[in-house]
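One structure below.
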2 protein chains.
Amino acid sequence: MTFPTIDETHDPALDSWVVGANGHSQFPVQNLPYGLFTHRGGRRRLGVAIGDHILDLAALEQHLPVGRDALGGDSVVHLLSQPAPGRAELRKALSRLLCDAGFRESVEPHLIPAGECQMHLPMAIGDYTDFYVGIHHATNIGKLFRPDNPLLPNYKYVPIGYHGRASSIRPSGVPVRRPRGQRKAADAAAPTFGPSARLDYELELGVWIGKGNALGDAVSIGDAADHIAGFCLLNDWSARDLQAWEYVPLGPFLAKNFHSTISAWVVTSEAMAPFRMAQPPRPTGDPRPLDYLWDEQDQAQGALSIQLEAFVSSAGMRSAGMQPHRLSRGDASAMYWTAQQIVTHHASNGCNLMPGDLLGTGTLSGPTPDSFGSLMELSQGGKQAVILPTGEERRFIEDGDEILMRATAVADGRISIGFGECRAIVEPAA
Amino acid sequence: MTFPTIDETHDPALDSWVVGANGHSQFPVQNLPYGLFTHRGGRRRLGVAIGDHILDLAALEQHLPVGRDALGGDSVVHLLSQPAPGRAELRKALSRLLCDAGFRESVEPHLIPAGECQMHLPMAIGDYTDFYVGIHHATNIGKLFRPDNPLLPNYKYVPIGYHGRASSIRPSGVPVRRPRGQRKAADAAAPTFGPSARLDYELELGVWIGKGNALGDAVSIGDAADHIAGFCLLNDWSARDLQAWEYVPLGPFLAKNFHSTISAWVVTSEAMAPFRMAQPPRPTGDPRPLDYLWDEQDQAQGALSIQLEAFVSSAGMRSAGMQPHRLSRGDASAMYWTAQQIVTHHASNGCNLMPGDLLGTGTLSGPTPDSFGSLMELSQGGKQAVILPTGEERRFIEDGDEILMRATAVADGRISIGFGECRAIVEPAA
């Protein structure tokens with residue numbers, strides 16, 4: 001297993017000459033995430049977030065070790081599907097441009113205030129797969145159906161996943177329309193069709209694939225890190241009433257494919273180098289992963305030190321000028337399988353992953369209620385209301401509610417880096 | 001509901017001047033399917049199958065009511081995502097070119113022997129969804145798990161479906177590598193990892209989406225036919241041992257995403273006009289579909305008269321010079337829901353379908369064993385062998401076996417039309 005290494009671009013002492021890029025920014029010069037933006041309605045361009053600005057890459061060809069085609073395109077996939085040395089070299093060049101005052105005069109004209117820009121999906125998503133590796137979430141949801149036996153026998157052997165819908169993934173900020181669908185009350189003889197009454201969010205991480213594998217080939221666990229380009233936040237919007245009625249025997253479908261929201265910046269694997277940690281040991285009695293999923297270095301370094309938060313802001317809260325209300329705070333150590341293990345499992349049958357594929361982790365709830373990553377868990381299946389600062393009650397999401405998510409990579413002695421916003425407001429059903 | 005109408009292009013008396021295009025060809029001039037081909041290693045070009053030839057569309061711009069961009073591209077999606085009148089006009093123009101002897105001199109140079117060509121996927125597949133609308137298959141599979149209660153309560157209300165993998169769909173002829181994966185014997189304490197020992201095929205129809213819908217919008221059942229561009233054959237290769245272990249609670253994943261084979265020609269909705277039929281009445285006692293799925297004209301005309309066959313050819317049979325052995329013969333009346341109903345259901349929550357999306361019907365088994373569309377059903381879960389002409393036994397697919405599928409649209413007094421080949425040979429695991 002070869003993870004990106006810590007180098008001079010991660011030095012906590014590095015300062016950028018860009019005003020506002022230091023201190024408490026989500027995007028200090030130690031981050032350098034890639035994204036796709038438009039400025040005041042212009043064409044789509046590749047950018048790097050730095051403080052409150054976006055560095056427009058299109059005009060920086062002479063300063064960067066990347067061809068004009070890649071920099072002038074409308075997808076960051078060409079930057080992220082490079083071999084690892086190329087990705088690292090690009091990061092170093094960007095770091096120098098933004099730290100060395102000697103570049104300020106030539107680079108500053110290419111900084112655009114982020115507030116004047118609109119973000120887009122960073123790349124075309126070929127296939128989207130959602131996993132279920134948050135073990136506390138799987139246990140909480142399982143308990144609602146099977147109190148004595150929440151986790152099924154395959155859970156601790158198989159990184160459980162299913163294919164999701166790529167076409168309905170949208171960047172942060174795009175409103176979500178409440179889905180309609182079939183729901184059947186437990187005591188009803190037949191289902192009815194109408195707006196979902198149990199709309200929920202799910203707090204997840206997204207894993208971007210940079211390097212693919214050929215159909216029929218596997219990705220060994222020792223090679224998996226090299227296939228991962230970066231990470232984002234993911235809100236896997238879920239209609240629990242549709243889900244309960246439709247999901248047997250083939251899994252979630254219309255309950256989840258109406259919209260998924262991601263944060264628009266790709267926080268690279270390179271940026272995450274200082275925030276790797278050991279995979280938490282499995283509880284006593286849990287089986288060892290099968291050999292194809294087992295790698296000592298993955299266990300020692302393959303987990304991610306990321307804090308995760310979810311907030312809600314109701315229309316009433318916003319008109320009262322209130323800040324969003326935090327629903328939960330947890331961290332990525334809830335992953336029972338590492339990102340590398342889910343990549344290796346996904347390709348273990350010869351399934352070809354492609355640059356630009358997105359893998360969701362599944363909901364990352366922590367072990368205690370203050371870290372539960374969905375309302376289904378927070379409200380115990382709708383039985384207990386969450387109370388908002390206005391006194392409003394929430395068992396599930398109401399029209400006009402905005403759900404906001406935040407992720408921060410943290411490590412002792414390191415500058416923390418953020419993932420940018422992942423937010424969307426819910427609009428009434430059509 | 002507006003289905004394409006029968007017009008002069010469907011006249012059984014129409015003859016083409018192309019030698020070999022009449023009589024028993026799968027591709028008489030009443031068919032005119034679109035595909036993407038290369039000739040002796042050249043670039044990808046759009047073509048129409050006619051008899052044993054492919055009509056190269058790139059050079060026919062002056063004869064066809066389609067722009068140069070669409071004809072010169074490397075995807076048939078631009079032809080199929082036109083509004084219905086444009087699609088019908090193109091079909092009429094092609095019919096005239098291939099029937100009117102006055103065009104022969106200028107058109108004949110653009111006919112290429114199909115045997116010299118390689119076929120490709122006709123368009124980039126954005127999202128692939130597989131349904132489960134073959135009610136006999138669902139019943140047969142259900143019986144293996146729940147003998148007294150094979151169909152779950154939602155089956156007769158919900159067109160059950162799940163998202164599949166788009167990246168691993170390949171055209172007819174591309175070999176399939178046997179997948180590896182986790183399997184757990186019923187009496188074993190733990191799973192093991194290795195080549196699937198229960199590899200199977202599934203005989204399905206594919207439905208191509210031509211016209212999409214915006215995210216958040218639905219497609220009414222009355223409009224659904226207009227979103228369907230055409231049809232193909234689909235072999236949903238399945239590893240039954242992987243499937244049994246992984247599929248709860250989120251559905252099939254690695255058991256099915258290692259490879260799917262489709263026939264490369266898009267048989268258009270227009271070509272299918274003479275082969276529409278009434279949806280078979282639901283058995284007494286079955287519920288009426290909910291209103292959003294119900295349309296009188298869909299019930300009267302929305303089903304398809306298509307015969308379906310599956311064959312196997314083992315390495316031993318081929319070296320003995322034997323013809324493929326027919327495993328089953330059934331028809332598309334096994335669909336409990338029409339193609340229009342699955343489109344409307346898919347978009348009913350606001351999920352955006354896109355031009356080039358592919359929907360599978362699920363396995364189309366008939367009610368009797370000679371029409372079962374998978375080995376899982378033919379061998380009763382592996383308990384009873386199928387005997388090949390060589391005397392070889394098959395419970396599941398062995399390395400070197402080729403699975404071939406054939407579909408023929410048939411109607412009284414009409415020329416039957418074929419879907420072209422859907423075949424692939426199974427290679428040993430890596």
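Below, read A as the first sequence line, B as the second, and so on, with proteins coming before strands; counting in each chain starts at 1.
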| query | Which bit of B:Leu293 is near chain A, if near means a heavy-atom gap under 4.5 Å: side chain, backbone, both or neither? | reply | side chain
| query | Just checking, any donor-acceptor pair under 3.5 angstrom between side chains of A:Ser374 and A:Glu377? | reply | yes
| field | Residue part contacting chain B, namely of A:Leu254, when any heavy atom lies under 4.5 Å | value | both
| remark: Of A:Gly251, A:Ser167, A:Gly181, the largest count of non-hydrogen pairs under 4.5 angstrom with chain B goes to A:Ser167
| query | Any idea which of A:Met354, A:Arg177, A:Arg180, A:Arg165 has the most non-hydrogen atom pairs under 4.5 angstrom with chain B? | reply | A:Arg165
| request: Would you please say whether a donor-acceptor pair under 3.5 Å links the side chains of B:Tyr336 and B:Asp286? | output: yes
| task | Would you tell me whether B:Trp237 and B:Ser260 have side-chain atoms, one donor and one acceptor, within less than 3.5 Å of each other? | result | no
| remark: Ranked by heavy-atom pairs below 4.5 Å to chain A, first place among B:Gly216, B:Ala430, B:Ala124, B:Ala429 goes to B:Gly216
| message | At a 4.5 Å cut-off on heavy atoms, which part of B:Tyr157 comes close to chain A: side chain, backbone, both, or neither? | response | both
| query | Would you say the side-chain atoms of B:Ser168 and B:Asn257 include a donor-acceptor pair closer than 3.5 Å? | reply | no
| Of the listed residues (B:Pro249, B:Gly350, B:Pro179, B:Gly126), which shares the most heavy-atom pairs with chain A below a 4.5 Å separation? | B:Pro249
| remark: If one checks every heavy atom of B:Leu250 against chain A at 4.5 Å, the contacting part turns out to be both
| Atom group of B:Leu290 that falls short of 4.5 Å from chain A, counting heavy atoms | side chain
| field | Contact class of B:Thr192 relative to chain A, heavy atoms under 4.5 angstrom | value | backbone
| query | Side chain, backbone, both or neither: which part of B:Pro287 has a non-hydrogen atom closer than 4.5 Å to chain A? | reply | neither
| Are the ring centres of A:Phe253 and B:Phe131 closer than 6.0 Å? | yes
| Distance-only polar pair, side chains of B:Ser238 and B:Asp200, donor-acceptor under 3.5 Å | no
| request: Verify whether one side chain among B:Ser81 and B:Lys211 offers a donor that lies under 3.5 Å from an acceptor in the other. | output: no
| query | Quick one: of A:Cys351, A:Ala239, A:Pro252, who has the most non-hydrogen atom pairs under 4.5 Å with chain B? | reply | A:Cys351
| A:Tyr128-A:His163 aromatic ring centre distance below 6.0 Å | no
| field | Which of A:Val158, A:Asn352, A:Leu215, A:Asp357 touches chain B most, by non-hydrogen pairs under 4.5 Å | value | A:Asn352
| query | Do A:His345 and A:Tyr292 have side-chain atoms, one donor and one acceptor, less than 3.5 Å apart? | reply | yes
| request: Check each atom of B:Ala189 against the heavy atoms of chain A and say whether the ones under 4.5 Å are side chain, backbone, both or neither. | output: backbone
| query | Which one of A:Asp291, A:Leu353, A:Val174 has the most heavy-atom pairs closer than 4.5 Å to chain B? | reply | A:Leu353
| Ionic contact status for B:Arg183 with B:Glu246, cut-off 4.0 Å | no
| request: Give the intermediate values and the outcome of side chain to side chain contact (heavy atoms under 4.5 Å, CB included) for residues A:Ile262 and A:Leu358. | output: CA-CA 10 Å; A:Ile262 61 171; A:Leu358 181 65; 4.0 Å; yes
| said: Less than 4.5 Å to any heavy atom of chain A: does that hold for the side chain of B:Ala190, its backbone, both, or neither? | reply: both
| remark: Note: vs chain B, highest number of non-hydrogen pairs under 4.5 angstrom among A:His259, A:Arg178, A:His346, A:Glu427 is A:His346
| query | Taking every heavy-atom pair that is under 4.5 Å apart, which of B:Tyr162, B:Phe258, B:Phe193 has the most such pairs with chain A? | reply | B:Phe193
